[in-house]
Amino acid sequence: MNVVMLEQHYRHLQHLEAAINACAFSVSIDTLGIITAVNLQVTAVLQTSPDQLIGRSFTSVLPPENPLQWFGWLSKALEGTPARGEIGFNLSSDQPLWLEAGCSAITNEAGEIIGCLLIGMDITTRKLAAIKQELNEIYYSQVLENLPLGLQQFAANGDSIDMNSRQREIWGSAHPFFTNPGYNWLQDPFYRLNGLASIFEEARDTGKTIKKEILLRYREKRIRNITRLYPVYFEATVFPLTDKARNTANIFLILDDITEKKLSELSLQKSERLLDNIIENLPIGYIQFDNFGFIRRINQTQRIFFNSPNPAMRQPFNVMTDELAIAFELDKLFVQALDQNKTLRVEKKIDFSQDSRWTTVAREVYLDLTVFPVVEPVDKEMIVVALINDITDKKAQEEENKKNQVFLQQTGNIGKIGGWELEMNTGVMRWTDESYLIHGCHPAMGELTLEKALSFYSDEARDTLRALLRACRDSGKAFDVHLTVLANGQQKRVRFIGQPGYEDGQLVRLYGVVQDVTEHWEIKDALTRNTELMRLFFDTIDMGYAAMEKNGNLNFLNRKAEKMIGHPVAIGSNIFEEFPRLSGTVFYPRLQECIEHQTSQSFGIYFSGADKWYDFLLTPMQDGGISVFMRDITDSRKMQKELRKANEQLSNLNKNLVNQNKQLEDFAHITSHNLRAPIANLKALMLMHNEASSQQERDLYLGMLHEVIKKIDETLNDLVEVVQIRKDVNVEKERLVFAERLQKVMDILLVDIETSNIKITYNFDAATTLEYPKVYLDSILQNFITNAIRYRSPEREPALHLETSKMNDNIVLTVQDNGVGIDMERFGNKLFGFRKTFHKNKDAKGIGLFITKTQVEAMGGNIRAESRPGEGTKFIITFRNE
């Protein structure tokens, strides 16, 4: 190389070194890691002169961010392999230094590696920004992943791209997002129905953020083996992100579980409705004013009090300008409540007769007014509420109570009743004047304490009273006890009554009354002795006796009564509890009649469980109690029952004899009436037969005799059948079903029914069954059907209708046909006669209705008929219910 070229090369190297020193970071290091040279950039960064850097360990001057990386670079460079990349160092001032650097070997003239050269560009600013961005990405990724909200990224067409863990939890592992790759959720009917799909589409189409509440699903909750479904509400927020061309790139969905909030809102709405309902139905008046004094609301109670459906709607009322309100200073009360922002309670006497513009109360009333301000939660404006209670009656009662107070003080003196009070916080005891008098002392004796008050009582009474006062104080237990008092050396019996007094839930006093019952006690002793004498007297009578209060509490019972009840009975117990068999009997209503009308009540009761008959006599006493006399009449009742049974048997026997006598009379009458003419004909024919001159004439008379004898035989057979029916009154009865017996008879008469084309209908709903002889009921039904067929009208289709009903506990059978009918004016009294006919029917014998009547009456019933010619006949049969 010539000198010129060397010179140019040297200048080039100088320029290169100058360029490197101007913008690059350059450090020379020997094989031991000691700095051998640095450029100006290094000294500028480290703010140290080259003399202080050369000869020092590289890592002590520039500690590497990643020692492994640096020593890896150093090893490669010393082996002759360059290393390049980004490398970081920590400056002494704890400021990072990042280089885009390369590390290569330095050789001597012999080609031996004697160190390495680190050259790099300062990229600290860019690197720190990149690190920060990377950290931010990691940070925001973790934040989004751990958000308590569900976050999901979609493509514009609705395809799911990514979602955080909360969103995956919301959908659930079984959701089609995870199980169905081709799932198009925008077409899912459920998401179209609940509106989530439309929210997505609206945000995509408008580019706006859309937020709405949706019902996303139902959650199952099992309570006591019952599975219930509960709604799960979410707040859905959908917003699009656009690219640089402002085209929608991605759409994000945020789901926030607002179930508790939503249910709370629904509950709040219910509570608001409930509050409105409560206000409307408050037992006291409610008026709501705005902060200007105009009425905004009046509840039902106040409207009723005003005797106006809605006075505020009819005429605007302002408490600040109304003459009546100003006259009674209601306006000042309103202003005071607003200014002081506190609740005010006053009693006002208002004469509503002075103003009839907005109320028709028209009288003077006392009102208990509670006025308080309230901040309206929605509009945040101040309103005033007035609670109004009409205490006119209460005031009148207070006046009456004042009068009664004087009266009670007077009656206390008369009844020897005094009052007492023990303050819990001071221990001071107070007595009324009558209490001092009962204890034989005077109010001038000085301050009264509990111990001083107890000193008037005997030792036993003092211990008892202390225990009762302690129990009343500790557990709130009231007491009523009789004690002995020593008053001026005189022993008295007093009744001491006490109970606790509370204010705001705190016990503040014990109070009660004390009554001198010495005379009462003496009377009670005498009464006890008299009771024992009365017991001895009542125990000698052969009758149960009890004295009781109107409520049934027993005051006295003799031994006979206890024996009838079945066990010993304690005085004071209730007769209905001790004698439970009385419950459900006539005893209680008769007791009420005795109390209400103050008249004696006598009655009997049969106790089926014990098979006992008791006679009771309830008598009112002058003291308001009831005397109860009771007697066991079981044996007498049983004898009466047996005697009544014997009488019934004799009565039935007598009825049978009378019936049989009547039957004999009827039979004799029928026989004489129906056989007289045939027998007379028979005699005449015999005489004519005997006087006949020729055999032909005698044969003619014999034929005529045969016909007469045949008729007499038929008549006798019919009479025998009738007599047998009347005789056999005890024929066996059985439970018969009307419809079944009718069908049986219709089956027997099938040919006649079909031939006549008769239509038979029935309605047995009112009485479906009957206790009756089967042969009689079948005969009755058969006679009515055959008569309806035999006497049908040629002008219309024959019909027969049977129907049952009940009347006076008896069963009534009505049989209605549409036949030719009967002239009841001419033949009504002969309708049921023996061999009576009323139509020119060759088959009529006049025996069917007679037998039917006989069968009905034999069983205690009756039969009648209603008919007109050409309109059919109705038969009404009444069966006696035995």
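We're numbering straight along the sequence, starting at 1.
- Applying the side-chain contact (heavy atoms from CB on, under 4.5 Å) rule to Arg217 yields the partners Ile170, Val232, Phe234; only residues at least two apart in sequence or on another chain are considered.
- Counting heavy atoms from C-beta on, the side chains of Ile760 and Leu802 come closer than 4.5 Å.
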May I have the list of side-chain donor-acceptor pairs in residues 610-623 shorter than 3.5 Å, sequence neighbours left out?
residue, atom, partner, partner atom, Å
Asp611, OD1, Tyr606, OH, 2.6
Tyr614, OH, Met564, O, 3.3
Thr619, OG1, Ser600, OG, 3.4
Asp623, OD1, Gly625, N, 3.0

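- Between the side chain of Thr768 and the main chain of Asp765, no donor-acceptor pair closer than 3.5 Å is present.
- Using a 4.5 Å heavy-atom threshold, the side chains of His567 and Glu578 count as touching.
- Remark: Glu771 pairs with Arg735 by the salt bridge (charged side-chain N to carboxylate O under 4.0 Å, His left out) rule, at least two apart or across chains.
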Verdict with supporting geometry, Asn281 and Asn277, side chain to side chain donor-acceptor pair (under 3.5 Å)
CA-CA 6 Å; Asn281 295 281; Asn277 192 34; 2.8 Å; yes
Assess whether side-chain contact (heavy atoms from CB on, under 4.5 Å) is satisfied between Arg792 and Ile758, documenting all intermediate values.
CA-CA 9 Å; Arg792 62 185 181 274; Ile758 188 171; over 6 Å; no
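- Put simply, the side chain of Thr804 never gets that close to the backbone of Val812: no donor and acceptor are under 3.5 Å apart.
- Nearest heavy atoms, Thr873 versus Asp817: N-OD1, 2.8 Å.
- Lys733 and Pro773 get closest at one heavy-atom pair: CG-CD, 3.9 Å.
- Using a 30° and 60° split on the angle between ring planes, Tyr772 and Tyr776 fall in the perpendicular class, above 60°.
- In this pair, Tyr545 and Phe629 present their aromatic rings tilted. The plane angle is within the 30 to 60° band.
- At least one donor-acceptor pair closer than 3.5 Å links the side chain of Ser573 to the backbone N or O of Ala570.
- No donor-acceptor distance shorter than 3.5 angstrom exists from the side chain of Asn808 to the backbone of Asn810, with no hydrogens or angles considered.
- Residue Leu813 is tested with Phe879, Tyr762, Phe875 for a side chain to side chain contact (heavy atoms under 4.5 Å, CB included); the sole match is Phe879.
- Partner of Leu591 under the side chain to side chain contact (heavy atoms under 4.5 Å, CB included) criterion, out of Met548, Gln601, Lys550: Met548 alone.
- Proximity of a side-chain donor or acceptor of Asn763 to a complementary backbone N or O of Glu803 within less than 3.5 Å is not detected.
- One finds the CZ atom of Phe579 at 13.0 Å from the CG atom of Asn574 (value rounded to the nearest 0.5 Å).
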Side chains of residues 738-751: which donor-acceptor partners sit under 3.5 Å, not counting sequence neighbours?
residue, atom, partner, partner atom, Å
Arg741, NE, Asp778, OD1, 3.1
Arg741, NH2, Asp778, OD2, 2.8
Gln743, NE2, Asp747, OD1, 3.0

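- Nearest heavy atoms, Cys594 versus Ile626: SG-CD1, 4.0 Å.
- With sequence neighbours left out, Glu797 forms a side-chain contact (heavy atoms from CB on, under 4.5 Å) with Asn757.
- The heavy-atom pair separating Leu557 from Ala546 by the smallest distance is CD1-CB, 3.1 Å.
- Residues that satisfy the side-chain contact (heavy atoms from CB on, under 4.5 Å) test with Gln592, not counting sequence neighbours, are Tyr588, Ile595.
- Side chain of Asp752 to main chain of Arg790: no donor-acceptor pair is present (N/O by atom type, distance under 3.5 Å, no hydrogens or angles).
- Contact between Ala767 and Ser805 at its shortest, heavy atoms only, is CB-O, 4.4 Å.
- The neighbour count for Arg192 CZ, taken as heavy atoms of other residues, nucleotides or ligands under 6.0 Å away, is above 12.
- Of all heavy-atom pairs between Ser793 and Val820, the closest is CA-CG1, 3.9 Å.
- The side-chain heavy atoms of Lys874 and Thr814, taken from C-beta on, include a pair separated by under 4.5 Å.
- Once rounded to the nearest 0.5 Å, the distance linking OG1 of Thr599 with CZ of Arg590 reads 10.0 Å.
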